[in-house]
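Here is the structure we will look at.
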Protein chains: 2
Amino acid sequence: MTLKELSNLLGLSPTTVSRALNGYPEVSEATRKKVTAAARAHGYAPNTRARALATGRAMAIGHVIPISAKHEMVNPVFADFTAGAGEVYSKNGYDMLLSVVSDDDEEQAYRSFATKRNVDGMIIHAPSLNDQRIPFLNKLGIPYVVHGRSSNATAPYAWVDVNNTRAFQRATELLLDLGHKRIALLNGLEHMDFAARRRAGYEAALAARGVASDPALMFSGEMTEAQGHDLTRSLLAQPNPPSAILVSSMIMAIGVRRGIEELGLTMGRDVSLITYDDDLSYFRNGKDIPVYTATRSSVREAGRRASQMLIDIINGKDSPTEVLLEAELMLGMSTGPMSRD
Amino acid sequence: MTLKELSNLLGLSPTTVSRALNGYPEVSEATRKKVTAAARAHGYAPNTRARALATGRAMAIGHVIPISAKHEMVNPVFADFTAGAGEVYSKNGYDMLLSVVSDDDEEQAYRSFATKRNVDGMIIHAPSLNDQRIPFLNKLGIPYVVHGRSSNATAPYAWVDVNNTRAFQRATELLLDLGHKRIALLNGLEHMDFAARRRAGYEAALAARGVASDPALMFSGEMTEAQGHDLTRSLLAQPNPPSAILVSSMIMAIGVRRGIEELGLTMGRDVSLITYDDDLSYFRNGKDIPVYTATRSSVREAGRRASQMLIDIINGKDSPTEVLLEAELMLGMSTGPMSRD
DNA sequence: GTGATCTCCCAAAGCGCTTTGAATATCTCA
DNA sequence: TGAGATATTCAAAGCGCTTTGGGAGATCAC
């Protein structure tokens with residue numbers, strides 16, 4: 001069913017029908033009623049492609065999901081982020097276009113989105129410290145919002161981020177308060193902006209208490225369960241092992257726990273653990289008492305905020321373009337005072 | 001840069017330029033060279049919307065990701081499935097359109113994809129035993145592939161599935177071989193087709209050995225870590241607790257393990273555990289020796305197969321439209337002979 | 001009653017591409 | 001050499017929608 005067919009059916013011009021359906025005022029209420037009724041009855045919906053061509057708006061947002069070529073990994077937070085974004089999109093009539101690409105040819109994906117003109121804007125995921133996509137998209141002049149920040153960016157850009165520095169500073173302070181001095185940090189990949197900020201928060205907290213940071217306690221890499229386990233095993237095998245571990249992801253924390261328990265130790269008593277928690281839907285951190293002491297911020301909420309911001313930008317609304325979410329520190333069972341044995 | 005601009009630049013007609021770029025034979029090699037060079041130089045790429053309108057093909061595939069309204073959950077396997085599908089799409093020039101909807105108004109999402117004509121086909125996720133989407137899409141006549149099957153469907157449909165029955169049958173047999181008699185099943189939601197098949201496999205194996213299945217040992221629900229933990233705790237608190245547990249998802253298995261270890265028991269010695277493993281990228285089941293004994297099949301591979309099948313269907317290629325993948329049973333550290341104490 | 005103002009509707013152009021049908025230039029071979 | 005075949009190119013229509021610029025009636029002010 002096309003617009004023309006529908007209008008023939010009604011004995012009206014396509015113009016009038018289009019206007020009736022799109023809520024323009026230059027059509028009488030009586031005909032509008034008739035038109036909408038007929039549209040519903042015949043299951044008519046405007047062809048997106050034709051409408052997009054006519055209006056110049058694709059009514060779609062692009063997300064480029066990079067897959068680490070080396071590790072064949074897709075970051076699990078994307079699922080929840082896109083779920084949050086998806087809510088906002090469907091509420092606003094936007095589609096979400098996903099492009100899953102190896103991180104080698106990510107730029108190509110952005111260029112393609114921009115030149116093929118099939119999206120009105122895009123969300124940038126997982127920015128690095130010195131992310132080239134920002135100047136690139138600035139040059140292309142396509143609206144975008146960054147999920148995270150890029151510390152070395154020179155030009156302004158729209159972003160939604162969590163206060164990673166503060167979150168890890170507070171977490172480290174808590175561990176210090178509990179008497180821990182040797183605190184390990186299992187972080188994300190070093191070139192990622194969030195990892196750098198988390199590390200900065202960790203180091204700032206240590207420095208403020210006069211505790212020297214020890215490179216032998218700091219790691220960065222893919223945040224997998226296996227990685228968490230392996231690093232923990234080797235950390236705890238050191239002659240002077242840490243008494244507390246700070247972890248950048250819940251999934252990694254699961255591995256850390258496995259490592260701790262394999263050694264017959266108890267998390268929270270023998271080794272304390274604080275993790276960053278994205279509040280993933282299938283991995284809620286306990287209902288009443290959190291299993292893990294965690295610094296938490298919902299990545300789904302971040303998805304909602306970022307996508308709403310992007311839609312506002314596209315529509316020329318001038319709402320704030322920089323949103324810093326604070327993580328909340330939740331005390332759970334994985335932390336305890338430094339044991340003196 | 002539009003086609004017209006480019007053709008003016010070259011002193012050629014849009015027709016010729018279009019044909020040159022799309023590899024039609026009625027254009028000389030010399031001009032084709034010139035045209036492609038100019039296109040590259042000016043960063044020209046055809047406007048997707050216009051092309052879609054002209055060709056009648058959207059070059060996009062729709063995925064409807066349902067969010068359980070009750071639990072606000074997005075199934076973590078989607079991330080890996082879409083990663084696999086995404087590979088195939090980008091290789092074939094397709095975009096992936098994601099629609100994240102509450103499972104209440106899922107049908108609306110399908111209808112909208114179909115009537116708005118912005119996709120050429122779609123992938124159906126998480127089919128239930130008696131899935132209404134299959135007759136619905138058959139009626140609409142839009143190409144689709146189901147990831148999974150729907151046991152009660154009457155009409156034929158294209159699908160890619162894992163042999164869930166066989167996988168759980170073998171897993172149960174292994175546990176029986178190890179001497180376990182009381183084997184619990186922590187399954188997915190009951191109305192899901194995969195859950196029914198897994199249960200069937202489990203029950204068949206028990207029946208074949210003359211072991212009565214005990215409803216007190218069978219559960220179904222959302223496959224979260226917390227759920228796994230809580231069910232395990234209550235199972236092991238029963239007067240006649242199971243000595244082995246069969247779990248439908250890796251994430252749930254993590255929770256089961258937590259439950260087991262909280263009680264001071266050791267997985268694989270005191271309680272055996274076999275889990276279904278989707279081979280999620282961030283949750284690999286050990287490198288050398290699997291942590292969990294598991295029946296494994298890569299959901300990413302399923303994504304690749306399903307999307308390729310759909311593209312073949314769209315292009316009228318008659319390749320097989322039913323693919324049954326076999327899961328492999330991997331022996332890990334979470335299973336051991338029934339302890340006699 | 002007449003010009004001005006609304007109301008409601010329509011014809012036609014245009015979005016940027018593909019594709020049909022035709023035109024022109026070039027070859028071929030008797 | 002010239003008719004027919006072949007190789008290149010082009011003009012124009014059309015995909016299904018929105019939107020501009022009118023235009024016919026009805027309504028209003030005087």
Side-chain angles (χ1 to χ4, degrees), chain A residues 1-36 38-39 42-60 93-95 112-120 142 315, chain B residues 1-36 38-39 42-60 93 95 112-120 315:
Chain A
M1 164 90 12
T2 72
L3 181 66
K4 205 158 97 183
E5 286 166 18
L6 185 64
S7 59
N8 283 342
L9 223 71
L10 284 160
L12 286 168
S13 76
T15 310
T16 305
V17 175
S18 167
R19 283 188 163 145
L21 292 175
N22 290 316
Y24 283 76
E26 32 314 54
V27 67
S28 76
E29 270 318 305
T31 45
R32 190 192 305 282
K33 279 261 163 54
K34 244 187 307 180
V35 169
T36 48
H42 296 82
Y44 169 79
N47 179 315
T48 315
R49 316 195 288 253
R51 165 182 271 186
L53 183 57
T55 59
R57 312 193 57 186
M59 292 308 282
Y94 280 83
D95 287 323
S112 144
F113 267 147
T115 59
K116 284 161 60 190
R117 306 255 108 202
N118 53 355
V119 299
D120 297 321
I142 188 169
N315 292 329
Chain B
M1 162 95 6
T2 71
L3 181 66
K4 203 158 100 182
E5 286 166 20
L6 184 64
S7 60
N8 281 342
L9 222 72
L10 284 159
L12 286 167
S13 75
T15 310
T16 305
V17 175
S18 167
R19 284 188 162 145
L21 292 174
N22 290 316
Y24 282 76
E26 32 312 55
V27 67
S28 75
E29 270 318 306
T31 44
R32 191 192 303 282
K33 280 259 162 55
K34 244 187 307 180
V35 170
T36 49
H42 296 82
Y44 169 80
N47 179 315
T48 314
R49 314 194 290 251
R51 165 182 269 187
L53 183 57
T55 59
R57 313 192 56 184
M59 293 309 283
D95 288 323
S112 143
F113 267 147
T115 59
K116 286 160 59 189
R117 305 257 108 201
N118 53 356
V119 299
D120 297 321
N315 293 329

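Quick note on labels: first sequence line is chain A, next is B, and so on, each numbered from 1. Note that the structure is predicted; figures quoted are calculated from it, not measured.
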Degree of bending in the helix from C/dG1-D/dC30 to C/dA30-D/dT1 once both end axes are built from five pairs, to 10°: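 Computed angle between terminal axes is 50°.
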Heavy-atom donor-acceptor pair, B/T16 side chain to B/L12 backbone, under 3.5 Å: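 The answer is no, because no donor-acceptor pair under 3.5 Å joins these two groups.
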Exam field: side chain B/D95 to backbone B/A60, donor-acceptor pair closer than 3.5 Å: no
For the residue pair [X] and [Y], confirm or rule out a side-chain donor-acceptor distance under 3.5 Å.
X	Y	answer
B/R49	B/N118	no
A/S28	A/T31	yes
A/R57	A/Y94	yes

Results of salt bridge (charged side-chain N to carboxylate O under 4.0 Å, His left out) for B/R19 - residues two or more places apart only: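 Scan of B/R19 (salt bridge (charged side-chain N to carboxylate O under 4.0 Å, His left out), adjacent residues dropped) gives none.
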B/T2 side chain near B/N47 side chain, heavy-atom distance below 4.5 Å: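 B/T2 vs B/N47: side chains apart.
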Heavy-atom check, side chain of B/L6 versus side chain of B/M1, under 4.5 Å: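 In contact.
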Interatomic distance where CG belongs to A/L21 and C1' belongs to D/dT19 [whole Å]: 15 Å
Find every protein N or O atom lying less than 3.5 Å from an N or O atom of nucleotides 8-16 of chain C, and list the pairs.
residue, atom, partner, partner atom, Å
C/dC9, OP2, A/S28, N, 3.1
C/dC9, OP2, A/T31, OG1, 3.0
C/dC10, OP2, A/S13, N, 2.8
C/dC10, OP2, A/S13, OG, 3.2
C/dC10, OP2, A/T16, OG1, 2.8
C/dC10, N4, A/R19, NH1, 2.6
C/dA11, N7, A/T15, OG1, 3.3
C/dA11, N6, A/T15, OG1, 2.8
C/dA12, N6, A/T15, OG1, 3.4
C/dC15, O2, A/A54, N, 3.4
C/dG16, N2, B/A50, O, 3.4

Presence of A/Y24 side-chain N/O under 4.0 Å of D/dT19 phosphate oxygens OP1/OP2: yes
